[in-house]
Amino acid sequence: MLDIKYIREHKEEVKKNCENRLSSANVDELLKLDEQRRKIIGEIDSLRTERNQGSKGKPSPEEIEAMKQKRVRIGEMEAELAKIEEKYNEELFKVPNLTHPDVKASKNEDDNPVLEIFKEPAKFDFEPKDHVQLSEALDLIDFNRAAEVSGAKFYYLKNELALLEFALIQYALEILYQKGFTPITTPDLAKQEVLKAMGFNPRGESTQIYNIENSDLSLIGTAEITMGGYHRGEVLSEAELPKKYAAVSHCFRTEAGSYSKFSKGIFRVHQFTKIEMFQYVRPETSEAAHRELLEIEKEIFKGLDIPFRVVDHCTADLGAPSTRTFDLEAWMPGKPNKEGKMGDWGEITSTSNCTDYQARALNIKYKKADGDKEYVHMLNGTAIAVTRAIIAILENYQQADGSIKIPEVLVKYMPGRITSIKK
RNA sequence: GGAGAGGUGGCUGAGUGGCUGAAAGCAGCACACUGCUAAUGUGUUAACCCAGCAAUGGGUUCAUGGGUUCGAAUCCCAUCCUCUCCGCCA
């Protein structure tokens with residue numbers, strides 16, 4: 001969340017930002033609630049002062065009678081305050097993070113500038129297949145039985161593809177370990193209060209989150225949630241920053257209403273494995289840390305030798321907690337583009353600088369050398385989202401004979417080629 | 001899942017209705033002193049909210065949420081977590 005003091009003092013700037021980001025936040029309403037809230041807090045505090053004074057020593061029976069009235073009055077006002085604060089918090093959490101000045105202001109979600117392209121997509125001298133056709137021919141994914149057992153948009157990865165999942169995990173973890181990231185596996189479920197503080201709304205309309213019945217737990221949509229919650233309520237020392245984690249988890253998304261030919265196969269699924277990079281840093285270094293995360297993502301996919309481009313989210317496409325977001329989009333020869341032709345870019349990673357937006361809600365600070373405390377900045381970035389990486393590999397590495405080569409860097413973990421002959 | 005014990009400041013730990021935002025110790029900080037590198041003495045050190053330019057004043061916080069009371073760390077209820085034992089299990 002944003003600092004309410006900042007919102008009070010920069011009302012117009014915040015309103016403009018909400019507008020650019022197509023946010024439903026109502027800043028005027030929020031500030032009205034803020035005013036009501038402060039007024040009633042003042043009233044409650046002075047009533048309490050009277051009560052506290054009155055009940056010092058041994059009060060007389062008359063005084064006790066008077067104090068009784070005060071208690072009732074305080075109770076009433078507290079109930080009113082609670083009502084106001086509920087609405088206030090609801091509004092406050094709707095206000096998105098401030099936006100990095102270099103981000104393109106646009107109200108069109110498809111208006112993301114392309115920053116660079118790595119490797120031009122290869123031309124095939126045969127008709128390339130999409131990953132669904134490829135995996136069918138080679139018995140790599142079982143959609144039908146997954147539908148039987150779990151429903152649509154679930155899948156079984158089979159044979160070499162099951163190996164490929166772990167090869168990708170191992171590959172990415174090794175790179176990150178070398179770079180000083182702490183490898184960590186996280187819970188796949190988290191409390192709703194943590195989701196909320198991280199800027200995900202588990203109970204909102206159009207939520208992407210699965211909730212567990214009869215509990216306050218949700219299935220996480222990303223390890224960003226469990227890694228942001230990891231240091232909740234802590235004061236970190238300046239010396240231990242930056243903290244860098246390479247978190248492995250499953251991710252669960254309801255993907256409500258996203259059925260289309262653009263999300264066929266395993267492009268958009270209810271569950272997948274992901275390695276997420278997560279950093280806690282000093283505010284003045286967060287922009288450099290964000291660049292570092294982007295560079296690592298590029299290094300990982302350059303290593304896999306997959307064509308990709310880097311896009312910079314425009315304001316309309318920015319998630320609420322983020323001040324700036326870069327995506328890597330891989331070339332997917334089997335993905336239909338808007339004109340219905342084969343071949344398009346598909347998102348494979350995403351890295352966001354959430355500055356102190358999440359840290360404020362989670363109360364994560366660090367202690368500076370001079371003793372002052374300040375909120376940390378928190379950043380996240382995808383190292384490998386397994387299903388998306390698999391699509392990119394299958395479709396880019398398919399061969400004329402129907403087999404699939406495996407990227408050089410993964411061959412130490414699994415066979416170097418997937419063919420139709422199974423044992 | 002069953003039985004029991006417990007959750008207090010940066011840490012250890014005392015406190016069973018007002019004198020307790022909280023003893024004592026440790027750690028930290030400041031000053032003093034010592035000529036030998038660490039000890040001694042004195043003082044000081046929680047967070048958050050509201051008002052204020054500030055000094056400051058007020059409020060809240062002893063796992064969390066409710067309740068009793070003029071007044072709760074202290075009494076009652078619920079929940080969560082930790083430890084021990086039993087059961088179960090990967």
Side-chain angles (χ1 to χ4, degrees), chain A residues 1-9 30-93 95 166 185-197 202-203 211-218 225-226 229-241 243 248-250 273 280 356-376:
Chain A
M1 61 188 182
L2 236 44
D3 184 0
I4 187 65
K5 284 182 194 143
Y6 187 91
I7 300 174
R8 282 203 288 261
E9 287 157 20
L30 173 64
L31 290 175
K32 211 175 88 192
L33 289 164
D34 177 46
E35 218 166 283
Q36 290 175 14
R37 173 183 145 265
R38 284 188 291 160
K39 182 164 168 275
I40 200 163
I41 285 174
E43 287 167 9
I44 290 175
D45 278 1
S46 50
L47 270 172
R48 278 183 176 144
T49 307
E50 290 172 34
R51 183 197 64 186
N52 290 345
Q53 296 303 320
S55 54
K56 269 186 185 155
K58 279 189 197 135
S60 67
E62 300 85 67
E63 284 172 324
I64 287 176
E65 197 48 45
M67 292 296 112
K68 255 185 200 173
Q69 306 296 322
K70 292 226 193 307
R71 185 183 65 203
V72 172
R73 185 80 192 111
I74 290 171
E76 287 167 2
M77 302 201 50
E78 279 175 338
E80 201 184 326
L81 177 63
K83 258 191 263 172
I84 291 168
E85 287 202 316
E86 195 189 327
K87 279 192 259 176
Y88 163 83
N89 278 319
E90 206 176 293
E91 285 299 333
L92 180 58
F93 273 95
V95 179
F166 290 97
T185 67
T186 92
D188 286 338
L189 287 79
K191 292 180 191 169
Q192 305 217 356
E193 53 187 285
V194 176
L195 294 250
K196 268 189 142 169
R203 291 279 150 107
N211 295 302
I212 306 294
E213 216 177 332
N214 301 324
S215 86
D216 64 344
L217 292 171
S218 299
I225 289 162
T226 40
Y230 192 64
H231 289 295
R232 183 151 84 117
E234 294 183 27
V235 179
L236 306 168
S237 70
E238 184 162 17
E240 61 186 323
L241 296 179
K243 278 192 166 295
V248 188
S249 83
H250 290 115
T273 309
Y280 294 82
D356 59 1
Y357 188 88
Q358 296 167 326
R360 186 171 293 105
L362 291 159
N363 194 23
I364 305 173
K365 297 181 176 178
Y366 76 104
K367 198 170 188 173
K368 295 195 271 190
D370 60 13
D372 282 358
K373 288 173 192 165
E374 194 176 6
Y375 289 115
V376 297

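Per chain, numbering begins at 1; letters A, B, ... match sequence-line order. The shown structure was predicted, so the numbers you read here are calculated from the model rather than taken from an experiment.
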Original post:
If you find the nucleotide of RNA chain B closest to A:Arg51 and the one closest to A:Asp34, which residue's nucleotide is nearer the 5' end?
Top reply: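 Per heavy-atom nearest nucleotide, the more 5' residue is A:Asp34.
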Original post:
Taking for each residue the nucleotide of RNA chain B with the nearest heavy atom, is it A:Lys373 or A:Glu50 whose nucleotide lies nearer the 5' end?
Top reply: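 This one resolves to A:Lys373.
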Subject >> Sugar-phosphate, base or nothing in reach of A:Lys70, heavy atoms under 4.0 Å >> reply: nothing
**OP:** Have a look at A:Lys365 and say if it touches a base, only the backbone sugar-phosphate, or nothing, with a 4.0 Å heavy-atom cut-off.
**Re:** sugar-phosphate
How long is the line joining [atom1] of [X] and [atom2] of [N], in whole Å?
{"X": "A:Gln36", "N": "B:C50", "atom1": "CD", "atom2": "C1'", "value": "16 Å"}
{"X": "A:Asn363", "N": "B:C49", "atom1": "CG", "atom2": "C1'", "value": "13 Å"}
{"X": "A:Leu81", "N": "B:G59", "atom1": "CG", "atom2": "C1'", "value": "12 Å"}
{"X": "A:Lys191", "N": "B:U64", "atom1": "NZ", "atom2": "P", "value": "13 Å"}
{"X": "A:Glu78", "N": "B:C49", "atom1": "CD", "atom2": "C1'", "value": "14 Å"}
{"X": "A:Glu193", "N": "B:C80", "atom1": "CD", "atom2": "P", "value": "13 Å"}
{"X": "A:Ile74", "N": "B:G58", "atom1": "CD1", "atom2": "P", "value": "16 Å"}
{"X": "A:Lys68", "N": "B:U69", "atom1": "NZ", "atom2": "P", "value": "7 Å"}

Take atom [atom1] in [N] and the same atom in [M], then report the distance between them in whole Å.
{"N": "B:U74", "M": "B:A63", "atom1": "C1'", "result": "16 Å"}
{"N": "B:A23", "M": "B:C49", "atom1": "C1'", "result": "28 Å"}
{"N": "B:U68", "M": "B:A14", "atom1": "C1'", "result": "26 Å"}
{"N": "B:A78", "M": "B:U61", "atom1": "P", "result": "22 Å"}
{"N": "B:C76", "M": "B:A22", "atom1": "P", "result": "25 Å"}
{"N": "B:A3", "M": "B:C48", "atom1": "C1'", "result": "40 Å"}
{"N": "B:A47", "M": "B:U34", "atom1": "C1'", "result": "38 Å"}
{"N": "B:C36", "M": "B:C29", "atom1": "C1'", "result": "24 Å"}

What is the base-pairing partner of [N], counting Watson-Crick and G-U wobble geometry with both distances under 3.5 Å?
{"N": "B:G35", "value": "none"}
{"N": "B:C80", "value": "B:G7"}
{"N": "B:U74", "value": "none"}
{"N": "B:U56", "value": "B:A51"}
{"N": "B:C85", "value": "B:G2"}
{"N": "B:G43", "value": "B:C29"}
{"N": "B:C62", "value": "none"}
{"N": "B:A22", "value": "none"}

Original post:
The side chain of A:Asp45 lies closest to which of these nucleotides: B:G58, B:C50, B:C70?
Top reply: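 Within the option list, the nearest is B:G58.
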Subject >> Closest to side chain of A:Thr49, choosing from B:C70, B:A51, B:G59 >> reply: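 So the nucleotide nearest the side chain must be B:G59.
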Subject >> Shortest non-hydrogen contact between A:His231 and A:Ile364, atoms and distance >> reply: O-CG1, 3.3 Å
Taking only N and O in the side chain of [X], is any of them less than 4.0 Å away from OP1 or OP2 of [N]?
{"X": "A:Arg38", "N": "B:A51", "answer": "yes"}
{"X": "A:Asn52", "N": "B:G58", "answer": "no"}
{"X": "A:Arg71", "N": "B:C70", "answer": "yes"}
{"X": "A:Arg37", "N": "B:C50", "answer": "yes"}

Subject >> Residue of the set A:Glu50, A:Glu43, A:Arg48 for which side chain to side chain contact (heavy atoms under 4.5 Å, CB included) holds with A:Ile74 >> reply: A:Arg48
Subject >> For A:Tyr280, the option from A:Glu234, A:Lys243, A:Glu240 that meets side chain to side chain contact (heavy atoms under 4.5 Å, CB included) >> reply: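 Among A:Glu234, A:Lys243, A:Glu240, the one meeting side chain to side chain contact (heavy atoms under 4.5 Å, CB included) with A:Tyr280 is A:Lys243.
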Any chance [atom1] of [X] has more than 12 other-residue heavy atoms, nucleotides or ligands included, within less than 6.0 Å?
{"X": "A:Tyr230", "atom1": "OH", "value": "no"}
{"X": "A:Phe166", "atom1": "CZ", "value": "no"}
{"X": "A:Glu35", "atom1": "CD", "value": "no"}

Original post:
Salt bridge check: are A:Glu90 and A:Lys87 linked by an N-O gap of less than 4.0 Å?
Top reply: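 No, this pair does not count.
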Subject >> Ion pair A:Glu193/A:Arg232, N-O distance below 4.0 Å >> reply: yes
